[in-house]
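Worksheet for the structure shown next.
Lettering follows sequence order; numbering is per chain, from 1.
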Amino acid sequence: MIHIENILQKSVSEAFKNLYNTEIEPKNLKFQPTRKEFEGSHTLTCFEFAKKAGKAPDAIGNDLGNYLLKNCLNISKFNVVKGFLNVSISNEYLINFSLFSNAKTNFDFEKNGEKVMVEYSSPNTNKPLHLGHLRNNFLGFAMANVFRANGFEVIKANLINDRGIHICKSMLAYLKFGNNETPDSSGLKGDKLVGKYYVEFEKQLKLEKAILISNGNSEEEADKKVSLMQDAQKMLLAWENGDTKVLALWNKMNNWVYEGFNSTYKSIGVSFDKFYYESNTYLLGKEMVEEGISNGIFYQKEDKSVWIDLTAEGLDHKLVLRSDGTSVYITQDMGTADLKYKEFGINKSIYVVGNEQDYHFNVLFLILKKMGKPYASGLHHLSYGMVDLPSGKMKSREGTVVDADDLVQEMKDEAQKQTTELGKIDGFSADEAEKLYENIGLAALKYYLIKVDPKKRMLFNPAESIDFHGYTGPFIQYTHARICAILRKSNELSISTNVSFESLVLENCERNIITQILLLDKTIKQAAEEYSPSVIANYVYEVAKTYNSFYAELSIFQEKDAQKVAFRVLLSCLTGKVIKYCLEIIGIESPEKM
RNA sequence: GAUUUCGUAGCUCAACUGGAUAGAGCACCUGACUACGAAUCAGGAGGUUAGGGGUUCGAAUCCCUUCGAGAUCACCA
C-alpha cells in the first residue's frame, strides 16, 4: 500500500505540471498535519508557489484542491484558508490502511545494509552510576533501537575508562584505610565500595592540604606537597610499568566495579554488544600521529611535542602528542575510532557523550577528516545536556548526586504503592506483581528522561518524575493495557472481524487515530535523522492521547452496527501494536494488565 | 576575556525546521464512573516566545544588539 503522503506529493506535483506547466519535485512538497481547529488531516502551504504559478496562494489552493478531488481517489474533501490547503483523506483509504496497514510495528523487516555503532554509557570505574549516566544510558539504548528500526545493523558499545589517576586514588585510599574489606564483607555493591574509597581519598587529601596550609604553606605550595597526591601519581606510574601488585589490586577492584555496573545495567534494561577498555586502547593512535606528521597534517615543535593547526577552521592549535612522546586523550580517541572501523567496518559511529565535550569532538572529527579517514563523515557526537536538580547542579563534592540504583528502587516502590492503591491487579502472582512494579517505575523514569530533546539541558524534578498521570510513561502503558482489555473482551465475546466494511463511515475520533498512525514511519525516520528518541516519545504520547479520546467518546461493545464494532476492535489492535512498538524502541515495556 | 549553547503559561516541556489564533502535562477551577479499565475523558483560566531593532507575504525559529544562565578554552580525562 502506497503511503498517503507519497500519493499526495505525486498528485500535487502532477497538478502543478498540468495546471501551471511548472515542475516541482514530489519530495519538495511538504505536507504538514492540519491544525485541529480546521477540517482535514494534511495541509500544504501555498505561499511559496505564488511566484512560480503566477497566482495568489488562495487561488493555487483552490486549483490544487479541485485537481486532487478530480484526479486523486484518496481525497474526499478540501478547504482553503488564507493560503493553506487542507485536504481530507477518503474513508476507503483510511479503512484499508487500518485493515491492511504496512505500518511497521516490529523490528523484523528489510535491512538497509548499513552498520552503525552506538557508543554510550562509558563510565569511569571510580564511582557508581548516577542520574546523569541514566540519561546517557537511556538515550544510547533508545538511539540504538531507533537505528535498528530504520534498518541499520547496530553495535552497542561501551568504552570503559578503567585506568588513570582516578582509579589509583580509589586504590590508594583502599590500601590505606580499607582493612581488606570486600563487597561481601561490607555488604556493599562493588561499585559503591570502590566509590566509597574515592570519596575517602578526596576527604583525606583535603585534610592533609588544610594541615599544610595551617602550617604556613600557600595554597599552591600545599598542592605540590600533598603526599597523597604524589603517592597516587607514583601508583599510576607503577601501573604503567606493569607492577604486579598494583595490577592485582587494580584487577580486583575493577572487577568489583564491573559486577556492580552489570547489576545496574540489568536493572535498567540496557545492554552492550562490545566492551572496550581504556587500559587496552590508551596507547592507540600513536601510529596515526606518525602518519599525520609524514603527510604534513601535524607538525612537531622543537621540544618534540606534536600539534595540529586548526585555526583555519576557527579552532585552535591542538596537541596530539606530548613532548615526552606520550599520548593525550585525543590521541587515544583517534586510535579507537580507527579500531572501531577496522573491527566492524561501520558506516556510522555515534558517540553518546555530554555536551561538555562538544569542543573535544569537534576537534576529533576535524582531525580525522583532515587525515582523510574514510569513516570521518560517518562520525557523530550525540551531545546531550546535563541533568539539573531543583537545587541546582549535581555536584559529587556537595553530595547532591542522585544515585542510579537508589532512584530505580524509589520509582519501583512508588509504582508498587500506586498500583496497590488502585487495586487492579488481583490475580497476579507475587513475581508478576514485582515485575509489573519494575516495569511501571522504569517506564516513568525512562520516559521522563527521554521525552526531552537530548540536546537540551533538563531539570529532574523528583516529585514530577514519580507522577504517573498525564504526559508520562505509565499513562502510555495504561492506554496499552486498556487496549489489551478490549482485545480480551472481544475474544470472550467472539466478535467476528471478518466482515465487509464497504458501507462504513468513520467517526472523527476514529479518523484522528488513523491519521496519527499514518505518521509512524515518518516519525521513526525523523528520530534517526535528528538523533532524537524524544521524537518517538512525543509521538507515542499523541497516539495514546488520541486513542483515549476515542475510547471515551465511542463505545465499542455497546455499538449496534456489527461492522463498526469489528472495525473498532481492529483499530484498537493496530493502535496497541503501534504503542508497544514505539515504547519498545525507547526501552519501555508494555504490560497487558496494570 | 575568547568560543559556544540556551532563554517559550506559575512549573516542566512541545511547536513537523520560516507558516494559520504559539500547543501539551503538572498545579488551579468546572463537569463525567450502576459504561469496554477514572493511572481516563470533556471544558475553563493562564503568553508582548527575556528586552529592543532588522530581513519578508509571514519570525519563537534567520541577522544585529542589550540583559541573563550554562558549557568549553591544560603537555587532565
At under 4.0 Å between heavy atoms, what does [X] touch on the DNA or RNA strands: base, sugar-phosphate, or nothing?
X: A:Ala481; answer: base
X: A:Lys545; answer: sugar-phosphate
X: A:Glu356; answer: sugar-phosphate
X: A:Leu554; answer: base

Gap between atom [atom2] of [Y] and atom [atom1] of [X] - 0.5 Å precision:
X: A:Thr575; Y: A:Ile513; atom1: OG1; atom2: CD1; value: 5.0 Å
X: A:Lys301; Y: A:Trp307; atom1: NZ; atom2: CH2; value: 4.0 Å
X: A:Leu139; Y: A:His133; atom1: CG; atom2: NE2; value: 13.5 Å

Does [N] have a Watson-Crick or wobble partner in any strand here, with both distances under 3.5 angstrom, and which is it?
N: B:U30; value: B:A42
N: B:G7; value: B:C67
N: B:A24; value: B:U12
N: B:G1; value: B:C73
N: B:U55; value: none
N: B:G47; value: none

N or O in side chain of [X] less than 4.0 angstrom from [N] OP1/OP2:
X: A:Arg488; N: B:G37; result: no
X: A:Thr326; N: B:C75; result: no
X: A:His469; N: B:U40; result: yes
X: A:Arg322; N: B:A74; result: no
X: A:Lys456; N: B:A14; result: yes

What protein N or O atoms touch nucleotides 19-23 of chain B N or O atoms at under 3.5 angstrom, if any, and at what distances?
residue	atom	partner	partner atom	Å
B:A20	OP2	A:Arg35	NH1	2.9
B:A20	N6	A:Thr43	OG1	2.9
B:A20	N6	A:Asn86	OD1	2.9
B:A20	N1	A:Asn86	OD1	3.3
B:A20	N1	A:Asn86	ND2	3.4
B:U21	OP1	A:Lys82	NZ	2.9
B:G23	OP1	A:Arg35	NH2	2.6

Pair A:Asp162-A:Thr125, side-chain donor/acceptor within less than 3.5 Å: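 No.
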
Please determine whether the number of non-hydrogen atoms from other residues, nucleotides or ligands lying under 6.0 Å from atom CD of A:Gln9 exceeds 12.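 Above 12, so yes.
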
Working for side chain to side chain contact (heavy atoms under 4.5 Å, CB included), residues A:Lys489 and A:Ile556: CA-CA 10 Å; A:Lys489 174 128 185 178; A:Ile556 295 175; over 6 Å; no

Where the side chain of [X] is defined as all heavy atoms beyond and including C-beta, which of [options] is the nearest nucleotide?
X: A:Lys522; options: B:A77, B:C16, B:C26; value: B:C16
X: A:Tyr448; options: B:U12, B:C16, B:C41; value: B:U12
X: A:Glu278; options: B:A42, B:A77, B:U12; value: B:A77
X: A:Ser549; options: B:C75, B:A42, B:A77; value: B:A42
X: A:Asp453; options: B:A14, B:A77, B:C11; value: B:A14
X: A:Lys393; options: B:C36, B:A71, B:C75; value: B:A71
X: A:Arg482; options: B:A38, B:C41, B:U72; value: B:A38
X: A:Gln558; options: B:C41, B:U40, B:C36; value: B:C36
X: A:Asp303; options: B:C41, B:A38, B:C75; value: B:C75

Give a yes or no on whether a donor-acceptor pair under 3.5 Å exists between the nucleobase atoms of B:C75, that is its base, and the side chain of A:Ser323.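 In this structure, the two groups form a donor-acceptor pair.
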
Once you round it to whole Å, what is the distance between C1' of B:A77 and CG of A:Leu364?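 Going from A:Leu364 (CG) to B:A77 (C1'), I get 14 Å.
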
For the pair made of CG in A:Asp388 and C1' in B:A71, what is the distance, rounded to whole Å?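 Taking atom C1' of B:A71 as the reference, CG of A:Asp388 is at 11 Å.
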
Residue pair A:Asn126, A:Ser170: steps toward the side chain to side chain donor-acceptor pair (under 3.5 Å) verdict: CA-CA 7 Å; A:Asn126 62 329; A:Ser170 299; 5.3 Å; no

Give a yes or no on whether a salt bridge exists between A:Lys593 and A:Glu432, defined as a side-chain N under 4.0 angstrom from a carboxylate O.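 Salt bridge: no.
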
Determine, step by step, whether A:Thr546 and A:Asn512 satisfy the side chain to side chain donor-acceptor pair (under 3.5 Å) criterion, reporting the C-alpha distance in whole Å, the side-chain angles of both residues, the deciding distance to 0.1 Å, and the verdict. CA-CA 7 Å; A:Thr546 311; A:Asn512 290 342; over 6 Å; no

